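Just so we're on the same page: letters track the sequence lines, and every chain starts at 1. Heavy-atom basis, side chains included; hydrogens, waters and symmetry copies ignored. Please read these numbers as outputs of a predicted model, since none were measured by experiment.
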Amino acid sequence: MNESVNFIRQIIDRDLASGKHTGTVTRFPPEPNGYLHIGHAKSICLNFGIARDYGGRCNLRFDDTNPEKESEEYTRSIEQDVRWLGFRWDELRFASDYFESLYQYAEELIRRGKAYVDSQDAESIRLSRGTLTQPGRESPHRDRDPEENLELFRRMRAGEFGDGEHVLRARIDMASSNINMRDPVIYRIRHVSHHRTGDAWCIYPMYDYTHCISDALEGITHSLCTLEFEDHRPLYDWVLDQLDVPCHPQQIEFARLNVEYTVVSKRRLNQLVSDGHVDGWDDPRLPTLSGLRRRGYTPAAIRDFCDRIGVTKKDAMVEMGVLENSARQDLDAHAPRAMAVLDPLKVVIENYPEGDGELLDAANHPKDPSQGTRQLPFSRELWIEREDFMEDPPKKFFRLAPGSEVRLRYAYLVTCTGVLHDADGNVTELRCRYDPLSRGGSAPDGRKVKGTIHWVSAAHGVGAELRLYDRLFLVPDPAAASDFLAQLNPDSRRVITDAWVEPSLAPAAPDQNYQFERQGYFVADPDSRPERPVFNRTATLRDSWGEQKK
RNA sequence: UGGGGUGUAGCCAAGUGGUAAGGCACCGGAUUUUGAUUCCGGCAUUCCCAGGUUCGAAUCCUGGCACCCCAGCCA
């Protein structure tokens, strides 16, 4: 395993060793304006992982300072997703819990001459902010005295003004080369009700002002966020330096996660969902946690993925293969095996007595005896995979062909004795003879049979729907395209409606993972019914034969 | 063109002046009642480039280059 420690943990190690801190307190601070995705999983694993490994604490804190975009639906899904991923927060907090304290701190800032009410409109403020290369101009209201500011700010709170009439600004430096320091707005008037505080407030604090104080109030030691907030750190520190807060957390920035062939931005995810390009936030093609869950990714696989990708300050684009590998590794170890035929071809065992049948033992997991066995019904007519037969096979084709012998997994050795065709020459049915002495699949005389194929008894199989997924986008970095929607993969979902699965699969409960032998990992979909099971393919098995054919 | 960051293999990522970890991918080979898994072996004479310091540099210095972020009353 990777024994090296990321740069954030190195900082923590140093802080603990130097006595700066005696323990860690972190937090995962989502805004409840969308569903969690794989990028959030990285942050969750980082913050909660630190609490776990250092014996520290980690809060779940909603950054709910913008009532226009946030809702309770999102807070519910976020709580659920964090728990599903396997983490438990020490305390559940909301930035809105601190609105009163935040307000009092703002008055203090005003009294200290560090904030003022600006009565310019948004456009004027924007124009006077300057540009990347030119300094801004000071507001005509910048030197209002504290008394006047205080009165105005109180009247803002009291609801005496309309949206946008005034704002509260930090009084810092309009000539700063860091635009965030050019007297940033810290309070705005919004006459909208908040999903938690209702109509108690009509002024709402801005992120930069809220986040640092919230961290301080919670005693956060290390405030971890993504790279785009690096420029905001001077402001984070400035606010805390002006006030008598309980502590001064250290903000540390790390690179957000990008994964090839998908998008990880709330805006784009939202667009995919609301424009109907996918079937909802839990569409199995989406990198949302709910989508990944429906796709069959396990919490352990996602946590493992987050461990593997590391934490750095370098903009990184991770290959899908890493995520898939994490899933395969977890699923290979834990998912019970079963047999399913995706593209059925009928086989009739000519020398198997008509009307006869028997039950054969099969291991639920060949490498994990504790998973037990199940019984597979076998009979004269079977379904096998169409691609497991070739009339004119190339050399090293280990499967079925006229005259060749193959093993039916856990059943018998069979030899192909005949091929039936339709008028167009398509293969419609195979005739085979079985070796009655090979019950279970081993040759009585020790003869070598290289190929083993899967099968489902035609008389006992259950018709199922299988949904096969491919990457959602055709290009590795769709977000870089001018129109990311134009990069959508039209074949990202293929639905098979005429698959056959073994009868034990019929009652599969949603979220139950399986490995369909030789085919891949599948998970039962919430749409699944005993009379009509539905499975989503999580990932294929690696296929060195398939790759060889290309 | 102001400020803040980042450059180590195809993709991630260790490395913190002593001679390039690990994972994914890829390529061999062994085992196999899943062409899966597992196992074993291979995979950077070189760290964005150019100079310099040093017995010794991915690590220090100087100068370039490339890429990312910032001008919401979003977070």
Nearest to the side chain of [X], which nucleotide is it out of [options]?
{"X": "A:Arg129", "options": "B:U33, B:A71, B:G3", "answer": "B:A71"}
{"X": "A:Val318", "options": "B:A75, B:C12, B:U33", "answer": "B:C12"}
{"X": "A:Thr133", "options": "B:G35, B:G2, B:C74", "answer": "B:G2"}
{"X": "A:Arg542", "options": "B:C73, B:A25, B:A71", "answer": "B:A25"}
{"X": "A:Arg409", "options": "B:U33, B:C74, B:G35", "answer": "B:U33"}
{"X": "A:Leu541", "options": "B:C70, B:U34, B:C74", "answer": "B:U34"}
{"X": "A:Thr131", "options": "B:G5, B:A71, B:U34", "answer": "B:A71"}

Polar pair under 3.5 Å, donor/acceptor by atom type, side chain [X], base [N]:
{"X": "A:Gln10", "N": "B:U16", "answer": "yes"}
{"X": "A:Glu319", "N": "B:G10", "answer": "yes"}
{"X": "A:Arg399", "N": "B:G35", "answer": "yes"}
{"X": "A:Asn178", "N": "B:G4", "answer": "no"}

Report the distance from atom [atom1] of [X] to atom [atom2] of [N], rounded to the nearest whole Å.
{"X": "A:Phe7", "N": "B:G7", "atom1": "CZ", "atom2": "P", "value": "10 Å"}
{"X": "A:Leu323", "N": "B:C24", "atom1": "CG", "atom2": "P", "value": "14 Å"}
{"X": "A:Lys314", "N": "B:C12", "atom1": "NZ", "atom2": "C1'", "value": "7 Å"}
{"X": "A:Gln120", "N": "B:C73", "atom1": "CD", "atom2": "P", "value": "12 Å"}
{"X": "A:Lys450", "N": "B:U32", "atom1": "NZ", "atom2": "C1'", "value": "8 Å"}

Spacing of the [atom1] atoms in [M] and [N] (rounded, Å):
{"N": "B:A66", "M": "B:C24", "atom1": "C1'", "answer": "26 Å"}
{"N": "B:U32", "M": "B:C40", "atom1": "C1'", "answer": "15 Å"}
{"N": "B:U8", "M": "B:G23", "atom1": "C1'", "answer": "15 Å"}
{"N": "B:A44", "M": "B:U19", "atom1": "C1'", "answer": "14 Å"}
{"N": "B:U16", "M": "B:U45", "atom1": "C1'", "answer": "23 Å"}

ask   = Are A:Glu228 and A:Arg256 ion-paired here, with the side-chain N under 4.0 Å from a carboxylate O?
value =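 Yes, A:Glu228 and A:Arg256 are salt-bridged.
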
query = Across all strands, who's sitting opposite B:A58 as a Watson-Crick or G-U wobble pair, both distances under 3.5 Å?
reply =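 Because no pair has both required distances under 3.5 Å, B:A58 counts as unpaired.
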
task = Return the stacking result for B:A75 and A:Tyr207: yes when the ring centres lie under 5.5 Å apart and the planes under 30°, no otherwise.
result =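 Answer is no, no stack.
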
request  = Just label B:G4 as syn or anti from its O4'-C1'-N9-C4 or O4'-C1'-N1-C2 angle, using within 90° of 0 for syn.
outcome  =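 B:G4: anti.
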
request  = Have a look at A:Asp121 and say if it touches a base, only the backbone sugar-phosphate, or nothing, with a 4.0 Å heavy-atom cut-off.
outcome  =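 Contact class for A:Asp121: base.
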
